[in-house]
Amino acid sequence: MQDVSSLVAQAREGRPRAVARLISLVEGASPQLREVMAALAPLTGNAYVVGLTGSPGVGKSTSTSALVTAYRKQDKRVGVLAVDPSSPFSGGALLGDRVRMSEHASDPGVYIRSMATRGHLGGLAWAAPQAIRVLDAAGCDVILVETVGVGQSEVEIASQADTSVVLLAPGMGDGIQAAKAGILEIGDVYVVNKADRDGADATARELNHMLGLGESRAPGDWRPPIVKTVAARQEGVDEVVEALEKHRAWMEEHGVLTTRRLARASREVETIAVTALRERIGDLHGDRRLDALAERIIAGDLDPYRAADELVTGLTSTDQPSGG
């Protein structure tokens with residue numbers, strides 16, 4: 001068993017091993033997870049969470065690394081959660097973005113962690129919300145969450161980040177995708193990376209056109225900017241940081257930041273509750289109560305929805321303290 005209070009204190013001091021152990025407890029769904037979250041709760045709420053998403057090959061890792069460099073120039077502590085596909089053999093992260101961001105490996109002001117999706121859909125790892133809490137409590141000023149890169153279905157990042165950055169690149173068909181529902185509807189900032197390639201201006205124009213077609217904004221609403229970058233050469237990255245800071249300031253001014261964080265916390269509670277309930281139902285397989293409900297359905301005495309209601313009521317009533 002880990003000494004959680006000691007680990008939290010060390011993480012606050014910026015010790016990477018302590019941060020790594022706390023995230024490992026989260027990823028492994030340790031029996032100490034509740035203790036960890038209770039210890040972290042009073043220390044969170046200060047970090048600015050930026051999500052980076054986009055199709056494979058647009059340069060998410062390179063852009064993330066470039067943003068780390070830009071924020072470190074501002075002397076900000078930066079945490080990176082790079083979500084990779086799961087290995088079909090070990091279940092661990094398959095690609096390892098830490099290798100691709102090796103230039104920051106020796107910087108004590110940067111913490112980089114690769115996380116495996118472990119079959120979780122939507123471009124994020126299931127433990128990402130709790131891992132974000134760890135980095136927040138560890139004193140990171142900015143947390144960059146790079147998603148796995150699965151295409152249009154990769155919209156979950158919008159529910160986990162304060163600001164969502166959607167990356168595109170010329171010549172990859174993203175212009176056509178801009179007309180469709182999905183990933184290109186979630187951006188607060190759009191970045192056309194690899195802007196030194198042919199077609200970058202056309203991609204930016206088409207994206208701007210598509211955003212205009214889908215607009216239903218009132219005066220004063222945020223209009224997502226489009227920034228062109230060559231992240232591999234650090235070109236345009238300062239403009240991305242400027243756009244991010246403008247969006248953060250706008251959110252704070254209009255109360256949007258608080259609203260987004262409240263929604264994020266609500267979803268997290270809901271997910272934990274549903275997971276706990278699902279585990280309890282899973283434990284019922286072979287249980288007489290479930291069999292009895294199934295027999296009543298087959299006999300026509302009960303429909304599946306009422307059976308489910310009875311099951312949930314029975315499960316939740318066992319959590320209530322007995323009278324007397």
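In what follows, residues are counted from 1 in the order of the sequence shown. Excluded from the calculations below are hydrogen atoms, water molecules and symmetry mates; all remaining heavy atoms, backbone and side chain alike, are included. This structure is a prediction, so every number in the text was calculated from the model and none was measured.
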**Message:** Under the rule for salt bridge (charged side-chain N to carboxylate O under 4.0 Å, His left out), what residues qualify as partners of Arg21, not counting sequence neighbours?
**Reply:** none

**Request:** Spell out, yes or no, whether Val165 and Leu257 are grouped together once hydrophobic residues are joined by side-chain heavy atoms under 4.5 Å, including indirect joins.
**Result:** yes

Could you list the donor-acceptor pairs under 3.5 angstrom formed by side chains in residues 135-144, with sequence neighbours left out?
| unit_1 | atom_1 | unit_2 | atom_2 | d |
| --- | --- | --- | --- | --- |
| Asp136 | OD1 | Asn46 | N | 3.3 |
| Asp136 | OD1 | Ala47 | N | 3.1 |
| Asp136 | OD2 | Gly45 | N | 2.6 |
| Asp141 | OD2 | Arg77 | N | 2.8 |

**Item:** Main-chain N/O of Val26 paired with Ser30 side-chain donor or acceptor, under 3.5 Å
**Value:** no

**Request:** Taking salt bridge (charged side-chain N to carboxylate O under 4.0 Å, His left out) as the test, write out the residues that go with Asp303, two or more places apart.
**Result:** none

**Derivation of the salt bridge (Lys or Arg N to Asp or Glu O under 4.0 Å) call for Arg72 and Asp107** = CA-CA 9 Å; Arg72 288 300 291 145; Asp107 186 345; 2.9 Å; yes

**Item:** Within-4.5 Å side-chain heavy-atom neighbours: Leu52 and Leu67
**Value:** yes

**Item:** Partners meeting side chain to side chain donor-acceptor pair (under 3.5 Å) with Glu239 (sequence neighbours left out)
**Value:** none

**Fill in**
Contacts of Asp201 meeting side chain to side chain donor-acceptor pair (under 3.5 Å) (sequence neighbours excluded), chain-then-number -> Lys228

**Prompt:** Rounded to the nearest 0.5 Å, how far does OG1 of Thr163 lie from NE2 of His247?
**Reply:** 4.5 Å

**Message:** Considering only residues two or more places apart or on different chains, which pairs with a residue in residues 1-16 satisfy side chain to side chain donor-acceptor pair (under 3.5 Å)?
**Reply:** Asp3-Ser5, Ser6-Gln10, Glu13-Arg15

**Donor-acceptor contact below 3.5 Å, side chain Asp301 vs main chain Arg296** = no

**Prompt:** Side chains of Thr313 and Glu310: does their closest heavy-atom pair fall under 4.5 Å?
**Reply:** no

**Asked** More than 12 heavy atoms of other residues, nucleotides or ligands under 6.0 Å from CZ of Arg306: is that the case?
**Response** no

**Asked** So if you build clusters from Ile, Leu, Val, Met, Phe, Trp, Tyr with side-chain heavy-atom gaps below 4.5 Å, do Tyr48 and Trp222 land together?
**Response** yes

**Asked** How many angstroms lie between atom CG of Asn193 and atom OG of Ser63, to the nearest 0.5 angstrom?
**Response** 4.0 Å

**CZ-CG distance between Arg267 and Leu262, expressed to the nearest 0.5 angstrom** = 10.5 Å

**Asked** Side chains of Glu27 and Arg113: does their closest heavy-atom pair fall under 4.5 Å?
**Response** yes

**Message:** Using 0.5 Å steps for rounding, measure from the CG atom of Asn208 to the CD1 atom of Ile226.
**Reply:** 4.5 Å

**Asked** For Gly57, does its backbone N or O pair with a side-chain atom of Lys194 as donor and acceptor, under 3.5 Å?
**Response** yes

**Asked** Heavy atoms, side chains only, cut-off 4.5 Å: are Val192 and Thr229 in contact?
**Response** no

